[in-house]
Peer 1: 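Can you keep this structure in mind? I'll have questions shortly.
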Amino acid sequence: RTQGLEWQDNWQLDSHQHVTAGAEWTEDMGTNYEAHYIDKKRHNQAFYAEDALTFGKFTVTPGLRWDRNSTFGSHQTPRLAMNYKANDAFNVYASWGRVFSPPRLNDQFYMTTSRGKITQGNENLQPEEGYTETLGFQYQAGPKTVLEGSVFHSDLQHVIRWNRAVMPHEAENLNEEDKRGFELTWKQKVNDKWDYEAGYSYIHTKVDQGKGDGLVYDMSYNQPNGYHAGVHYHSGKWQAGADMTAGTGRNDTYYRNNSYVVWNVSASYSPDAVTTMYVKVNNLNDEAYDLYHNYPAAGRNWQVGVKKKF
């Protein structure tokens with residue numbers, strides 16, 4: 001369970017400078033009787049600020065976040081983003097940032113036994129640290145058409161993975177993970193009620209497991225080639241949609257199949273500004289696939305509910 005408080009404010013200092021700053025406090029709490037930890041708690045305090053500076057068609061935004069974690073101490077993560085708006089139809093952006101991500105309580109203390117197989121966390125896990133960088137664009141190809149694309153790269157140390165090839169299954173830190181790829185998305189508005197989108201992504205991952213081999217291709221990544229598409233309807237108080245996600249190029253000696261296609265559908269009705277009634281059907285086609293080794297994803301399932309704002 002996670003609970004917390006957050007404050008954020010914005011200041012428009014002049015027509016060329018916009019400052020955002022905030023603070024947050026979170027508490028993670030967990031209990032696992034089999035692992036003999038009860039009400040385990042971890043706190044994190046954070047302060048952050050960024051300054052958006054506009055120079056004609058350029059916007060440069062430096063930022064800094066400071067975290068104080070009750071287990072892993074203090075860490076600073078700077079960030080720099082740049083945006084160039086060439087005209088009303090074309091926009092280019094780039095960003096770079098440091099990463100600090102502590103392990104979850106379950107990564108460290110979880111334990112369960114199922115069918116004689118033991119899965120347990122690793123109390124000695126270290127936080128993930130490194131950097132990410134992105135270069136992308138947005139192009140308004142027509143009054144109803146938008147094309148978006150980006151290339152990205154991340155290099156992280158102490159990446160947390162669950163090793164299910166050993167017994168007991170255990171969380172571990174990899175020495176390094178190098179991930180890079182690109183994605184493209186086409187968005188099309190048909191009319192005031194209908195729109196659709198389609199996209200493709202490719203991700204190439206290398207990992208160093210600390211065995212002396214250095215960075216090698218990660219055969220266990222679950223979606224080297226990713227595809228997504230969706231059709232959406234919205235009219236007055238009604239909304240509905242059908243969305244598809246798919247993956248190919250998977251290692252079928254590690255996963256149960258080398259590809260999968262999943263369809264999800266939903267519909268909702270909002271009688272007023274604070275109430276929404278909805279129905280969802282996940283994995284409509286009842287696809288049998290796994291995103292994690294030896295852990296099948298859920299088959300077809302549905303939800304019916306009501307959301308209320310207070």
Side-chain angles (χ1 to χ4, degrees), residues 95-104 106-108 110 117 119-122 125-136 148-185 198-230 243-264 282-283 285 287-299:
S95 65
W96 175 92
R98 297 290 302 176
V99 174
F100 166 71
S101 180
R104 300 171 303 171
N106 270 349
D107 291 329
Q108 292 187 283
Y110 180 78
K117 296 181 179 180
T119 301
Q120 65 183 29
N122 182 350
L125 288 176
Q126 296 299 308
E128 298 180 345
E129 296 184 83
Y131 69 88
T132 63
E133 51 194 4
T134 303
L135 175 65
E148 299 177 345
S150 66
V151 293
F152 49 86
H153 173 237
S154 65
D155 190 277
L156 304 179
Q157 286 74 48
H158 313 305
V159 170
I160 298 170
R161 292 278 188 93
W162 281 85
N163 187 349
R164 296 180 172 89
V166 299
M167 185 61 65
H169 303 330
E170 186 178 43
E172 62 183 16
N173 284 119
L174 303 182
N175 276 8
E176 185 180 1
E177 178 192 75
D178 184 279
K179 182 180 295 185
R180 59 191 69 208
F182 70 89
E183 57 184 353
L184 287 171
T185 300
Y200 168 77
S201 64
Y202 172 75
I203 297 178
H204 184 86
T205 306
K206 291 183 178 182
V207 295
D208 180 356
Q209 296 181 320
K211 299 178 180 180
D213 299 324
L215 286 169
V216 296
Y217 179 65
D218 183 10
M219 299 291 291
S220 67
Y221 188 67
N222 60 29
Q223 196 183 60
N225 300 284
Y227 311 83
H228 66 90
D243 295 281
M244 180 275 293
T245 58
T248 63
R250 292 149 42 100
N251 181 0
D252 57 8
T253 63
Y254 188 82
Y255 295 102
R256 61 182 300 166
N257 42 37
N258 64 3
S259 63
Y260 67 90
V261 179
V262 178
W263 284 93
N264 302 317
N282 301 312
N283 198 356
N285 52 320
E287 177 82 338
Y289 70 105
D290 51 349
L291 289 179
Y292 304 99
H293 183 55
N294 285 335
Y295 280 78

Peer 1: Please give me the minimum heavy-atom distance between Asn282 and Asn264, naming the atom from each residue.
Peer 2: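 Closest approach of Asn282 to Asn264: CA-OD1, 3.2 Å.
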Peer 1: Measure across Ser154 and Thr132 and return the closest heavy-atom pair with its distance rounded to 0.1 Å.
Peer 2: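 It is CB-CG2, 3.7 Å.
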Peer 1: Let me see the working for Gln120 and Asn122 under side-chain hydrogen bond (donor to acceptor under 3.5 Å, both in side chains), right down to the final yes or no.
Peer 2: CA-CA 7 Å; Gln120 65 183 29; Asn122 182 350; over 6 Å; no
Peer 1: How many angstroms lie between OH in Tyr255 and CG in Leu291, if you round to the nearest 0.5 Å?
Peer 2: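 One gets 7.5 Å once the value is rounded to the nearest 0.5 Å.
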Peer 1: So, do Asp290 and Arg250 sit near enough that their side-chain heavy atoms are less than 4.5 Å apart?
Peer 2: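 Counting from C-beta outward, Asp290 and Arg250 do come under 4.5 Å.
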Peer 1: Please enumerate all residues that pass side-chain contact (heavy atoms from CB on, under 4.5 Å) together with Asn163, with sequence neighbours excluded.
Peer 2: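 Once residues adjacent in sequence are excluded, the partners of Asn163 under the side-chain contact (heavy atoms from CB on, under 4.5 Å) criterion are Ala165, Val166, Glu172.
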Peer 1: Which heavy atom of Leu184 sits nearest to which heavy atom of Gly149, and what is that distance?
Peer 2: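 Looks like CD2-CA, 3.8 Å.
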Peer 1: Find the distance between CG (Asn175) and NE2 (His158) and round it off to the nearest 0.5 Å.
Peer 2: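 Output value for this atom pair is 8.0 Å.
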Peer 1: On a heavy-atom basis, which atom in Glu287 and which in Ser259 lie closest, and how many Å separate them?
Peer 2: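 So the two residues come closest at OE2-O, 4.3 Å.
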Peer 1: I want to check something: taking the side chain as every heavy atom from C-beta on, are Asp243 and His228 in contact at a cut-off of under 4.5 Å?
Peer 2: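 No; the side chains remain at least 4.5 Å from each other.
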Peer 1: Which pair of heavy atoms, one from Ala298 and one from Asn283, lies closest together, and at what distance?
Peer 2: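 Heavy-atom minimum between the residues: O-ND2, 3.0 Å.
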Peer 1: Report the C-alpha separation of Asn225 and Tyr200 in whole Å, then their side-chain angles, then the decisive distance to 0.1 Å, and conclude whether the side chain to side chain contact (heavy atoms under 4.5 Å, CB included) test is met.
Peer 2: CA-CA 7 Å; Asn225 300 284; Tyr200 168 77; 2.6 Å; yes
Peer 1: Is the shortest side-chain heavy-atom distance between Val159 and Val207 below 4.5 Å?
Peer 2: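 No, too far: nothing below the 4.5 Å cut-off.
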Peer 1: How about Trp162 and Asp107: do any of their side-chain heavy atoms sit closer than 4.5 Å?
Peer 2: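 Side-chain contact under 4.5 Å: yes.
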Peer 1: Quick one: does Tyr227's side chain get under 4.5 Å of Thr248's, heavy atoms only?
Peer 2: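 The answer is yes; the side chains approach within 4.5 Å.
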Peer 1: Quick one: does Tyr260's side chain get under 4.5 Å of Gln223's, heavy atoms only?
Peer 2: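 Yes - at least one pair of side-chain heavy atoms lies under 4.5 Å apart.
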Peer 1: Nearest heavy-atom pair of Pro103 and Pro127: which atoms, and what distance?
Peer 2: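 Distance-wise, the nearest heavy atoms are CD-CA, 3.8 Å.
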Peer 1: side-chain contact (heavy atoms from CB on, under 4.5 Å) with Tyr217: which residues, sequence neighbours excluded?
Peer 2: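 With neighbours one apart ignored, the set is His204, Met219, Pro224.
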Peer 1: Given 3.5 Å as the limit, does a donor-acceptor pair link the side chain of Glu148 with the main chain of Thr185, or not?
Peer 2: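 Judged by distance alone, no pair lies under 3.5 Å.
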Peer 1: Salt bridge (charged side-chain N to carboxylate O under 4.0 Å, His left out): which pairs involve residues 204-221, sequence neighbours left out?
Peer 2: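 For residues 204-221: Arg161-Asp218.
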Peer 1: Could you state the interatomic distance from CD (Gln157) to CG (Asn173), rounded to the nearest 0.5 Å?
Peer 2: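 Spacing of CD (Gln157) from CG (Asn173) equals 11.0 Å.
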Peer 1: Could you tell me whether the side chain of Asn222 reaches within less than 4.5 Å of the side chain of Tyr254, counting heavy atoms only?
Peer 2: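 Of all side-chain heavy-atom pairs linking Asn222 with Tyr254, none is under 4.5 Å.
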Peer 1: Nearest 0.5 Å, please: how far is NZ in Lys179 from CG in Asp155?
Peer 2: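 Taking CG in Asp155 and NZ in Lys179, the distance rounds to 12.0 Å.
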Peer 1: What's the spacing between Thr245 OG1 and Trp263 CH2 if we round to 0.5 Å?
Peer 2: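 Answer for the OG1-CH2 pair, Thr245 versus Trp263, is 9.5 Å.
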Peer 1: In terms of side-chain heavy atoms, does Tyr289 have a donor or acceptor partner in Asn257 at a distance below 3.5 Å?
Peer 2: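 No, no side-chain donor-acceptor pair sits under 3.5 Å.
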Peer 1: Got a second to check how far Ile160's CD1 is from Gln108's CD, nearest 0.5 Å?
Peer 2: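 One gets 7.5 Å once the value is rounded to the nearest 0.5 Å.
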